[in-house]
Protein chains: 2
Amino acid sequence: MSDTRDIGEGRIEEAGRGLLAVLGQPRPERADAARNRRGILEAAGRIMAERGVAGLLMNDVAEAAGVGVGTLYRRFGDRAGLAYALLDEQGREMQAAFMYGPPPLGPGAPPAERVRAFLHAQVDVLEENLDLWLMADTASPTVRHRSGPHLVNLTHVSVLVREARPDADAQYLAEALLAPLAADLYAHQRRERGMSPERIKSGLDELLCCLTAGGDASSAHGS
Amino acid sequence: MSDTRDIGEGRIEEAGRGLLAVLGQPRPERADAARNRRGILEAAGRIMAERGVAGLLMNDVAEAAGVGVGTLYRRFGDRAGLAYALLDEQGREMQAAFMYGPPPLGPGAPPAERVRAFLHAQVDVLEENLDLWLMADTASPTVRHRSGPHLVNLTHVSVLVREARPDADAQYLAEALLAPLAADLYAHQRRERGMSPERIKSGLDELLCCLTAGGDASSAHGS
DNA sequence: GTTGTAAACGGAATTTATTCCGTTTAGACT
DNA sequence: AGTCTAAACGGAATAAATTCCGTTTACAAC
């Protein structure tokens, strides 16, 4: 009724095997399926390098990988899903950095600092592969927010926010703090408005005072 | 290279005649063009009422309006543009409310209060027509941020933020504060996570302390 | 080694948005 | 009224994503 797209639970076997794979139980994957996933991802990477993100046509990817388009869709759900899988691969290293690496990104620094470091790092991540993120964020809201990268980021920030402000609605604040780094908005700020990554980072810092402000954030508010 | 879509300056004669029309000089519009715009918008409204947003197929709208699809595209640029035009019509009243209405939404209240009232009002606006907003935000980043509703909102908030925090990067903060109300995210929070509009409003309030915090927002930050 | 079956596969068919371009007209100027 | 031209029009053609469904295959059980 609201939107045509919806992706049934079992339709996408694995949207990418990032840290997320740890959460769900490691459902088995048939050998041919695994082989095809790798093949498709490789082919997609190759095409992207050659022709850019705009050249990532589903038919071409399928052909380059030597599979039918049906297989592409079974594996990744849709074009955006493919993009997320690609991003997830590259994001593995950042995930490791903020979970096990040195502070302030990794554990050891105070939570507010870590959130800040994380957002700055996320800016760099976007900077690196903006077009691919744009393609990924084409997905329906449902797909988008269940995707590997988003879930990992959200979970991480959410935990840190809760730590920094146990009284606040950490779940919401986390999503709100991540929102300005939506690929669409970021692309617009960089390309249309000509903002520099540095300016964006400082801007984010200004937003972050909601993490360091004492308990009473509602000082000026009525209801 | 990055994305196929781009909409040349003169391709869309008027993306909707909201307050925006005041900014650009009132370029003339041929009589038949105006008649068609109205017809299309009416037809689209009718179809939307009957079949929902998902039923808004470009061919159907064109047929129902008694014009060719080419005309649809000349007038509105693309499917998302049509959605924006539809929203712009309904948004006229909210625009009036925050520009000329009573406080705290309208002039008279302190700027931080007004931003808060505005964000809350925006939640209600989303609530009213979420699917249409989702359809609209399908647009390419460029189109999206040049669209009537977004420009008006951004300008408004931006002015208020500058007033509240003359020292801060008002332009950026405004976009960042509006970001959590992106239709995608909002829809996800409402539908998947089951957050209530009230919870979202309180969440936004927590974010807003960056407007009331004294001058030194960078207290906890290094560089 | 057979057999059974859920899971995968392929790729033609379908669905829609969007473009293209030859034709038609509103409206300004004479 | 007649002419001229930029602006509009229509709708067939195109492009690409996504679905459908009959066929094939991995692999677990016997």
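Every chain is numbered from 1 and lettered A, B, ... according to where its sequence line falls, protein lines coming before strand lines.
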Protein-nucleotide distance (A/Asp60, atom CG; C/dG11, atom P), rounded to Å: 15 Å
Between C/dT23 (C1') and B/Arg74 (CZ): distance, integer Å: 12 Å
Among C/dT18, D/dG10, D/dT19, the nucleotide that comes nearest once only the side chain of B/Val67 is considered: D/dG10
Nucleotide D/dA8, atom P - distance to CG of B/Leu72 in whole Å: 15 Å
Atom pair distance, as rounded to whole Å: CG in B/Leu56 and P in C/dT16: 13 Å
5' priority, DNA chain C, between A/Asn59 and A/Gly68 [closest heavy atom]: A/Gly68
Give every donor-acceptor pair under 3.5 Å between a side-chain atom in residues 65-72 of chain B and any protein atom, sequence neighbours left out.
none

Within the sub-3.5 Å range, which N or O atoms of nucleotides 27-30 of chain D have a protein N or O partner, and how far apart are they?
residue : atom : partner : partner atom : Å
D/dC27  : OP1  : A/Ala31 : N            : 3.0

Integer-rounded Å distance: C/dC9 C1' and A/Glu63 CD: 16 Å
A/Asn36 CG - D/dA26 C1' separation (whole Å): 13 Å
A/Arg79 CZ - C/dT15 P separation (whole Å): 22 Å
Phosphate OP1/OP2 of D/dC9 contacted by B/Arg75 side-chain N/O (<4.0 Å): yes
Side-chain N or O of A/Thr71 closer than 4.0 Å to phosphate OP1/OP2 of C/dG10: yes
Lys/Arg-Asp/Glu bridge criterion (N-O < 4.0 Å) met for A/Arg114, A/Glu163: no
A/Ile40 CD1 - C/dC9 P separation (whole Å): 7 Å
NZ/NE/NH1/NH2 to OD/OE distance under 4.0 Å, A/Lys201 and B/Asp169: no
Donor-acceptor side-chain pairing of A/Tyr172 and B/Glu206 below 3.5 angstrom: no
Plane angle bin for A/His150 and A/Trp133 - parallel if under 30°, tilted between 30 and 60°, otherwise perpendicular: perpendicular
Presence of salt bridge, A/Arg37 and A/Asp32, under 4.0 angstrom: no
Flag for A/Tyr84-A/Asp137: side-chain donor and acceptor within less than 3.5 Å: yes
